[in-house]
Number of protein chains: 2
Amino acid sequence: MNKKKSTIRIKDIAQKAGVSIGTVDRVLHNRGEVSEATKEKVLKIIKELNYQPNILASSLASKKNYNFAIFIPKPLTSESYWNKPMTGIEKARGEIQQYGVNISYHFFDLFDKNSFVESSKKLIEDDPQGVILAPYFLKESIEVIRQLEQQEIPYVFIDSNIKEQAQLSYIGQNSLQSGALAARLLDLCVSKQESLLIVNFANDQDNLNHLNQRKDGFTAYFDKQEEPKRKVVSLKSNDQEDHVLHKELDDILDKNKDIKGIYVTNSKAHRVAKYIEKRNLKDIFLIGYDLIPENAKHLRSGIIEFLICQRPEEQGYNATYTLFNHIIARKETIKENYTSIDIVTKENVDYYKEL
Amino acid sequence: MNKKKSTIRIKDIAQKAGVSIGTVDRVLHNRGEVSEATKEKVLKIIKELNYQPNILASSLASKKNYNFAIFIPKPLTSESYWNKPMTGIEKARGEIQQYGVNISYHFFDLFDKNSFVESSKKLIEDDPQGVILAPYFLKESIEVIRQLEQQEIPYVFIDSNIKEQAQLSYIGQNSLQSGALAARLLDLCVSKQESLLIVNFANDQDNLNHLNQRKDGFTAYFDKQEEPKRKVVSLKSNDQEDHVLHKELDDILDKNKDIKGIYVTNSKAHRVAKYIEKRNLKDIFLIGYDLIPENAKHLRSGIIEFLICQRPEEQGYNATYTLFNHIIARKETIKENYTSIDIVTKENVDYYKEL
DNA sequence: CTGAAAGCGCTTACAG
DNA sequence: CTGAAAGCGCTTACAG
C-alpha cells in the first residue's frame with residue numbers, strides 16, 4: 001500500500017499555464033468568462049498532459065443531483081417481463097447513487113395508448129437530466145422525443161428502436177436475427193418433411209413491429225433454403241382466454257397434422273405449452289421467448305425445448321450506465337447496443353445469468 | 001439539479017456521540033486506541049443511523065494503493081483463450097484504477113509445472129493485497145494458497161476450483177453441466193440410431209479434471225436415457241500435429257461408420273473441423289468450446305454446429321470486482337459464482353456479448 | 001476576465 | 001485515549 005501514483009491535477013495545469021485553478025475549471029467546463037488567449041493556452045496544456053478529471057473528487061465536490069427518468073410499460077405482476085429491465089436499472093442505481101443519481105419511474109399501459117400520452121406528460125414535467133424509454137407507440141413516442149430534444153435532455157431507447165432519431169443509444173435485440181435463430185433451432189430438431197407453426201399473439205403487437213420482425217426473420221430463414229422448402233403455417237391469435245386459444249390450435253393442427261414444431265414470437269410460449277400438456281401431444285418441439293417463471297416451468301418439464309432470451313436485466317443496467325457515462329463520467333457511448341441472443345434450455349437454465 | 005440529499009456523515013455520528021470525527025474513524029476501522037465505553041456508544045449510533053461510508057470521499061482522502069496480482073496461464077498467441085479473461089480484468093482495471101488499484105500479472109506455462117512454482121514465488125514476493133488465480137496444478141496450488149493465507153491475502157479462483165479452501169470466491173463454469181448440455185444438443189441433432197464421438201485432447205488435461213468432468217457430464221446424460229442407449233465412443237488424443245490427429249480420426253471413424261456427432265471437450269474443435277473439411281465429410285455434427293477466432297471461422301462456415309461458451313471476459317471482470325468489493329468497497333461477495341453456459345451458433349455469433 | 005477561499009466526506013499524522 | 005488540523009482533487013460562489 002504505497003503512496004498513490006501522482007496523476008495530472010487541475011493544479012498542475014494551472015501552474016504550468018500560470019493561471020489559477022478556477023480559470024482551468026472554467027475552460028474545462030466551458031463556463032465562459034475566459035479570454036480566448038488563456039483558453040487556448042490552457043486547452044493546449046490539458047491536451048499535452050492528457051489530463052483525466054478525477055470523477056471521484058468532482059462528484060464529491062459537486063452538490064449536483066441527477067434525475068434519470070424511466071419510461072416503460074408497467075409490469076402487471078411480479079412475474080411480468082418488465083420487472084427484469086427494472087432489476088437491472090435498480091442494480092445500476094445502487095452503484096451510482098453515490099454520484100447523486102436518482103431514478104424515477106413513469107409507467108404506461110401497453111394496451112392503452114392514452115396512458116402512454118398521459119404518463120409522458122408527467123415525464124416531461126419532471127424535467128429529468130436523462131431518460132430511458134421504451135418507444136412503444138411510434139407517433140406518440142416521436143412527440144415525446146421532440147420535447148426532450150427541445151429541452152436538450154438525452155434519451156436512450158430500450159427494447160424497441162426508432163430509426164434515425166437522435167437517441168444517445170439503442171439497447172435491445174435484433175429481432176430479425178432472433179427469428180432466424182429460432183428457425184435454425186427448429187430446423188435442426190424437426191425432420192425436414194414435417195411442418196412448422198408460428199404463433200403470433202396479436203394483442204402484444206406494438207407499433208414497432210417487434211414481433212413481426214421476429215416472424216419475418218423466421219420465415220426468411222426457410223425462404224433462403226433450397227427446395228424442397230419446409231412448410232410453415234402461421235396463427236395470429238388475439239390472446240384471449242385459454243379455451244379460445246385451444247380451439248384455434250385444435251383447428252390449425254387438425255388441418256396440418258404434420259406440424260411438429262411451434263414458434264411463439266413472444267413470452268407467451270407457456271400458453272401453448274399448457275395446451276400441449278392438456279392434449280398430451282408428445283413429439284412437438286416448442287420454442288419461445290424470455291425466461292419468465294411460467295416459461296421456465298415448462299422448460300424444466302421438457303415441454304418447451306428452447307427459450308430465446310435477451311438479458312433484459314442487462315439491458316436495463318446498460319441503459320442506465322449509458323446515461324451515467326454520458327452525463328456524469330463524460331465518456332463516449334455507443335449508439336447501437338444489440339444484446340446477445342441467448343439460447344436457454346433445460347440443461348443450462350440453472351446457470352443462466354441475466355446480469 | 002437540486003442540492004444533494006443529506007446522508008449520514010461521520011460528522012453526524014461524532015456530534016451525536018459527543019466525540020470527534022477522529023474517534024469515530026477509529027472505531028469504524030477498528031484502529032484501536034478507543035475506550036470500550038466510547039466504542040460501544042459510537043457503534044450503537046452507527047447502527048441506529050445506518051451509516052454508509054462514502055467510498056468516494058474515502059478513496060479520495062486515502063493515499064492507499066492496492067495491488068491485485070493475477071496468476072494465470074500465459075496466452076501464447078493473441079488468439080489464445082486466456083486473452084479473454086485478461087480483457088475482462090483490464091476492463092475492470094480501467095474502472096477501478098481511480099480507487100488506487102494496480103494490477104500485476106504473473107504468468108505460468110500450462111504444460112510446465114515448474115514455471116507454475118517459479119512464478120508463484122514471485123507472486124508471493126509481490127505481497128499483493130488480493131490475488132486472482134487459476135489453480136491448475138492441485139498440489140502446487142495448495143502450497144500457494146497456504147502462503148497467501150499466512151499473509152492474510154484474500155484470493156479468488158478463476159476457471160478451475162479447488163473445493164474446501166478458504167477462497168473468497170470461485171468464478172467459472174460447472175463443467176459437468178456443460179457436458180450434459182453438449183450431450184443434449186447432439187442428442188437433438190443426431191438421430192437416435194447413430195453414434196457419437198468424444199474427443200479429449202489429453203495434453204490440455206490439468207490436475208483438476210476440468211475436461212474429464214465435461215466428458216463425464218456428457219456420458220452421464222446418455223447413461224440416464226432409457227434403452228436403447230445411444231452408442232458413444234471416445235478418443236483420447238495427445239494433441240500432436242495434424243497428420244497424427246487425422247490418422248487417429250480416420251481409424252476411429254473407420255471402425256465406427258455410424259458416427260454422426262463429435263464432441264470436443266476443449267477449445268480445439270477447430271482441429272477436428274479442419275479434418276472434416278479435408279475429408280469432405282458432410283453430415284457430421286460438431287460441437288466444441290470457446291469462441292476463439294479459429295473456432296468462430298468454422299462456426300460461420302457451418303462445419304462447427306455449436307460452441308459452448310462461458311463468458312471468459314466476464315469471469316475476469318467479475319473476479320476483479322470480487323476483490324474490489326471485498327477489499328475496497330467492503331461489500332459482501334458470493335463464494336460460488338458459476339458462469340452462464342452459453343450456446344453459440346452461426347445465427348447468434350455476431351451478437352454474442354462476452355462482456 | 002481572473003483569483004482566492006471555503007467546502008464536499010473522509011483519512012492521516014500529530015499534539016496532548 | 002482523544003481532538004484539531006491539514007489535505008485528497010475538485011466545484012462553487014464571491015470579490016475584484
Side-chain angles (χ1 to χ4, degrees), chain A residues 1-43 46 49 51-66 97-101 327-330, chain B residues 1-43 46 49 51-66 97-101 327-330:
Chain A
M1 300 202 194
N2 323 298
K3 295 276 158 179
K4 219 163 231 177
K5 251 185 254 160
S6 62
T7 43
I8 312 299
R9 289 122 58 214
I10 283 192
K11 206 178 170 180
D12 302 317
I13 296 165
Q15 242 166 33
K16 200 155 187 190
V19 297
S20 76
I21 62 166
T23 301
V24 175
D25 189 68
R26 275 179 207 102
V27 346
L28 234 27
H29 295 99
N30 252 313
R31 298 201 269 115
E33 308 189 17
V34 189
S35 76
E36 202 51 38
T38 43
K39 187 175 170 181
E40 298 269 299
K41 188 164 58 176
V42 170
L43 240 28
I46 287 174
L49 269 46
Y51 169 73
Q52 301 291 348
N54 183 328
I55 142 168
L56 260 51
S58 159
S59 177
L60 181 62
S62 162
K63 286 185 187 60
K64 280 201 197 101
N65 266 16
Y66 303 90
Q97 65 179 348
Q98 54 179 344
Y99 292 95
V101 175
I327 298 171
I328 293 145
R330 290 169 197 205
Chain B
M1 300 204 191
N2 322 297
K3 295 275 159 180
K4 221 163 229 174
K5 250 185 256 160
S6 63
T7 41
I8 311 300
R9 290 123 57 216
I10 285 194
K11 207 177 170 182
D12 302 317
I13 297 165
Q15 240 166 33
K16 201 154 184 186
V19 298
S20 75
I21 61 167
T23 302
V24 175
D25 189 69
R26 275 179 206 103
V27 346
L28 233 26
H29 296 100
N30 252 315
R31 300 200 269 114
E33 309 190 17
V34 187
S35 77
E36 202 51 41
T38 44
K39 186 174 170 182
E40 298 268 300
K41 189 165 55 175
V42 170
L43 241 28
I46 287 174
L49 268 45
Y51 169 71
Q52 302 292 346
N54 182 330
I55 142 169
L56 260 50
S58 159
S59 177
L60 182 62
S62 162
K63 287 187 187 56
K64 279 200 199 103
N65 265 17
Y66 303 89
Q97 67 178 348
Q98 55 180 342
Y99 291 94
V101 176
I327 298 171
I328 293 145
R330 291 170 195 207

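Only this structure's heavy atoms are used, side chains among them; waters, hydrogens and symmetry mates stay out. Labels below follow one simple rule: chain letters A, B, ... track the order of the sequence lines, proteins then strands, and each chain is numbered from 1.
For Thr38(A), a side-chain nitrogen or oxygen approaches OP1 or OP2 of dT2(C) to under 4.0 Å. For dT2(C), the OP1/OP2 oxygens have no side-chain nitrogen or oxygen of Thr23(A) closer than 4.0 Å. Distances shown here put every side-chain N or O of Ser58(B) at or beyond 4.0 Å from the OP1 or OP2 atom of dC10(C).
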So which protein N/O to nucleotides 6-8 of chain D N/O distances come out below 3.5 Å?
| from | atom 1 | to | atom 2 | distance (Å) |
| --- | --- | --- | --- | --- |
| dC8(D) | O2 | Leu60(B) | O | 3.4 |
| dC8(D) | O2 | Ala61(B) | N | 3.1 |

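Between Arg26(A) atom CZ and dC14(D) atom P there is a gap of 14 Å when expressed in whole angstrom units. For Asp25(B) and dC14(C), the CG to P distance is 16 Å, given to the nearest whole Å. At whole-Å resolution of the value, CD1 in Ile328(A) and C1' in dT11(D) are 15 Å apart. If you take CD of Glu36(A) and P of dC1(C), they are 9 Å apart, rounded to a whole angstrom.
For residues 18-27 of chain A, the set of pairs meeting the salt bridge (charged side-chain N to carboxylate O under 4.0 Å, His left out) definition, not counting sequence neighbours, comprises Asp25(A)-Arg31(A).
Looking at residues two or more places apart in sequence or on another chain, you find a side chain to side chain donor-acceptor pair (under 3.5 Å) between Gln52(B) and Asn50(B). Residues passing the side chain to side chain contact (heavy atoms under 4.5 Å, CB included) test with Ala57(B) are Leu60(A), Asn54(B), sequence neighbours excluded. With sequence neighbours excluded, the residues that form a side chain to side chain contact (heavy atoms under 4.5 Å, CB included) with Thr38(A) are Val19(A), Val34(A), Ser35(A).
Closest to the side chain of Ile10(A), out of dC10(D), dC10(C), dT2(D), is dC10(D).
Secondary structure note: stems in DNA chain C built from 3 or more consecutive Watson-Crick or G-U wobble pairs under 3.5 Å occupy C:1-3 with D:14-16, C:5-12 with D:5-12, C:14-16 with D:1-3.
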